[in-house]
Amino acid sequence: MKQLFCLIFVTLLPLSCFAAEGNFPAWYETTTHLNVRASDNVLARRLGTLPPDMQIQVEYLTSNNWAAIQHEGQRGYVSARYIRYVRDVEVETTKPSDSSISHKKGIWSWVFTIGSWIIGFIIIRKIAIYVLSLISMLMYRAYWLLCIPFYILNWLQRYLSKPWRLFYKSNNGRDLKNAKLRNTFEWVKVPLYIILTPLRFVNALYFNMVVHCSFEMYNYVIELFLPSNDKEGEDDYIRLFLLLPWRVLKYVVWHGCLTIAESAIWTIIDTFVPALTLFHGTNEQASTTITNAGRNGYSCNLTGVWNVGGGNYAGNGIYFAPARSTALHYARGSLIVCRVSLGKVLDLGLAPWHIYKQCGYPNALGATKWGLQNGYVTGEWWRKDAGWWEYCMYDWQNRYNYSWRIRPLYVLNLSDKYMQRIPGGMCHWLFRKMVATDIITYWKELYK
């Protein structure tokens, strides 16, 4: 308890130390890359990002140390800790009073139309947002430590399923011998698969049922107090209050039950179809698009779909790292933690020499083509220059054909040091027409 009070004190200290300069409106300058939020808290929907040294006109400061600005024709908020005062705006204007701000937000209209008891709901909402922000910060800092025992089990599952991996990091160029080894090891994997079944079940149960369900429920609870959909009360306090029962039914009850059911099914699938917990580094916008279900009113043809990026040094496809540190090297603000069903994996250290020598250079398309033609879904590559392992899930058409194999558990926001909110919650990677079609295709190919 003492440590919790200390953490709260440290969290609130910057808010009390900030002092405004000049009168409002005033010109300020950003000191770093700065996210613009839809409201004055870090869990609100991101409207955009401002570059460093950009001058912005601040209309006023909120009581919790956020600066109100106009961004692309709408009201936005940025953290006042990352801006510095430049000069006053040379116009005759006055700083809006607290009562006028409250009036713009619709608080006083609620008081006169619905009643004073709604104020209690507003206070509870404010407290809930702060508590959820604190929980998100604590989860970011503490969850990695809590998961260490299970990441060790995940590491054991990976290495024990293929203990010869360390002896074939590099390819020796002996194609005939390597072909025989590939066939031999496929038979050796069978008893290892049987022995490791209890370990796969423990990992699947923890990461699917405990981790994914808890973080998804966190996303759903945020929707109750801070909806990401305009139609559900994102900027309308009256609609926010009136549609609370609807959001409870939609997110907590309906999607919460679907998430639990889906996670239970994936637990069974992962027990028999081996899956690993892997990491994918990217930026905040891409991580939200990949994992988003479009329930917040915004969706596009990229929503909920993994697409091939640049580089492709071990083949054309989607890349994952078994080590968190490796994915952080590629991350540009976000880290997606996933459960990945790798399928039949090509050890590039045992691949034909003409395939292996293409790796290490951009767009090694030959590795993808040869792998898919020979029944391999994924390539495993030891990157000698960097000293780490990588997985490339082969994708020839810039859309991963078996998207059900990649299921995000949660997303870390590396810039803000929070668990990254996914507006409306993540995709259900089982209850989708595209995924169902992919699974049917998988079983057809397996039968052949």
Side-chain angles (χ1 to χ4, degrees), residues 139 142-168 181-217 257-280 320-324 326-327 336-347 350 375-380 389-391 393 402-410 426 428-431 435 438-439 442-443 446-447:
M139 290 166 70
Y143 189 73
W144 172 248
L145 294 176
L146 297 176
C147 277
I148 286 179
F150 294 95
Y151 281 119
I152 293 175
L153 294 180
N154 184 71
W155 178 86
L156 283 174
Q157 178 187 330
R158 176 173 176 263
Y159 273 94
L160 294 179
S161 64
K162 198 162 59 177
W164 55 85
R165 173 186 289 108
L166 296 176
F167 301 101
Y168 298 100
L181 286 173
R182 288 198 302 272
N183 293 329
T184 300
F185 288 147
E186 287 300 321
W187 288 104
V188 176
K189 289 178 182 177
V190 176
L192 293 176
Y193 169 84
I194 297 173
I195 294 171
L196 293 176
T197 300
L199 182 58
R200 290 197 303 273
F201 173 74
V202 171
N203 285 334
L205 181 67
Y206 176 73
F207 286 109
N208 287 313
M209 295 301 298
V210 178
V211 176
H212 181 61
C213 288
S214 61
F215 283 103
E216 271 295 79
M217 196 58 67
C257 289
L258 286 180
T259 297
I260 294 172
E262 180 183 47
S263 298
I265 293 172
W266 280 126
T267 299
I268 298 172
I269 294 175
D270 287 356
T271 302
F272 296 98
V273 181
L276 291 173
T277 300
L278 302 175
F279 305 90
H280 179 85
F320 296 91
R324 187 171 185 254
T326 303
I336 309 178
V337 183
C338 307
R339 289 289 288 174
V340 184
S341 301
L342 295 170
K344 189 176 180 181
V345 179
L346 170 64
D347 301 315
L350 295 173
Y376 292 99
V377 178
T378 306
E380 184 178 20
W389 291 97
E390 292 180 352
Y391 287 104
M393 303 199 74
Y402 303 108
S403 53
W404 60 272
R405 294 180 182 272
I406 312 170
R407 289 98 58 193
L409 299 175
Y410 60 92
M426 296 183 182
H428 295 301
W429 292 92
L430 184 61
F431 308 118
V435 175
D438 290 342
I439 293 177
Y442 166 74
W443 286 109
L446 188 65
Y447 177 76

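Starting from 1, each residue takes its place in the sequence as its number.
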(request) Would you name the heavy atoms of Val345 and Lys162 that are closest together and state the gap between them? (result) CG1-NZ, 4.0 Å

(request) Could I get the full list of side chain to side chain contact (heavy atoms under 4.5 Å, CB included) partners for Leu146, not counting sequence neighbours? (result) none

(message) Less than 4.5 Å apart, side chain to side chain, heavy atoms only: is that true for Leu276 and Asn154?
(response) yes

(message) Would Thr259 and Met217 count as a side chain to side chain contact (heavy atoms under 4.5 Å, CB included) here? Give the steps.
(response) CA-CA 9 Å; Thr259 297; Met217 196 58 67; over 6 Å; no

(message) To the closest 0.5 Å, what do you measure between CZ (Phe167) and CG (Asp347)?
(response) 13.5 Å

(message) Exactly one of Phe320, Trp389, Tyr151, Tyr410 should register a ring-ring contact (aromatic ring centres under 6.0 Å, His included) with Phe279. Which one does?
(response) Tyr151

(request) Could you list the residues that satisfy side chain to side chain contact (heavy atoms under 4.5 Å, CB included) with Leu153, not counting sequence neighbours? (result) Phe150, Leu156, Leu199, Val202, Asn203

(message) Could you tell me if Arg200 sits above the aromatic ring of Tyr193, with its cationic atom closer than 6.0 Å to the ring centre and no more than 45 degrees from the axis?
(response) yes

(message) Using the ring-ring contact (aromatic ring centres under 6.0 Å, His included) criterion, which residues pair with His212? Sequence neighbours excluded.
(response) none

(message) Looking at Glu262 and Trp429, would you say the former's side chain and the latter's main chain have a donor-acceptor pair under 3.5 Å?
(response) yes

(message) Under the salt bridge (charged side-chain N to carboxylate O under 4.0 Å, His left out) definition, can you give me all pairs with a residue in residues 267-277, not counting sequence neighbours?
(response) Asp270-Arg339, Asp270-Arg407

(request) List for me each residue that meets side chain to side chain donor-acceptor pair (under 3.5 Å) alongside Arg158, sequence neighbours excluded, and say none if there are none. (result) Glu380, Tyr391

(request) Not counting sequence neighbours, which residues clear ring-ring contact (aromatic ring centres under 6.0 Å, His included) with Phe201? List them please. (result) none

(request) Report the distance from atom OG of Ser161 to atom CD1 of Ile195, rounding to the nearest 0.5 Å. (result) 12.0 Å

(message) Is the distance between the ring centroids of Tyr168 and Trp164 under 6.0 Å?
(response) no

(message) Are more than 12 heavy atoms, taken from residues, nucleotides or ligands other than Tyr159, located less than 6.0 Å from that residue's OH atom?
(response) yes

(request) Starting from the C-alpha separation in whole Å, work towards a yes-or-no answer on side chain to side chain contact (heavy atoms under 4.5 Å, CB included) for Thr277 and Val337. (result) CA-CA 7 Å; Thr277 300; Val337 183; 3.8 Å; yes

(request) To the nearest 0.5 Å, tell me how far Cys338 SG sits from Arg405 CZ. (result) 14.5 Å

(message) With rounding to the nearest 0.5 angstrom, report the OG to CD1 distance, Ser263 to Ile269.
(response) 11.0 Å

(request) Using the side-chain contact (heavy atoms from CB on, under 4.5 Å) rule, pick out the option among Leu278, Ile406, Val273, Val377 that qualifies with Leu342. (result) Leu278

(message) Quick check: do Met209 and Ile260 have side-chain heavy atoms less than 4.5 Å from each other?
(response) yes

(request) Would you check, one step at a time, whether the test side chain to side chain contact (heavy atoms under 4.5 Å, CB included) holds for Leu205 with Val210? (result) CA-CA 7 Å; Leu205 181 67; Val210 178; 5.8 Å; no

(request) Report the distance from atom CD1 of Ile148 to atom CH2 of Trp155, rounding to the nearest 0.5 Å. (result) 14.5 Å

(message) Within this structure, what is the CZ-CG distance for the pair Phe207 and Leu409, rounded to the nearest 0.5 Å?
(response) 7.5 Å

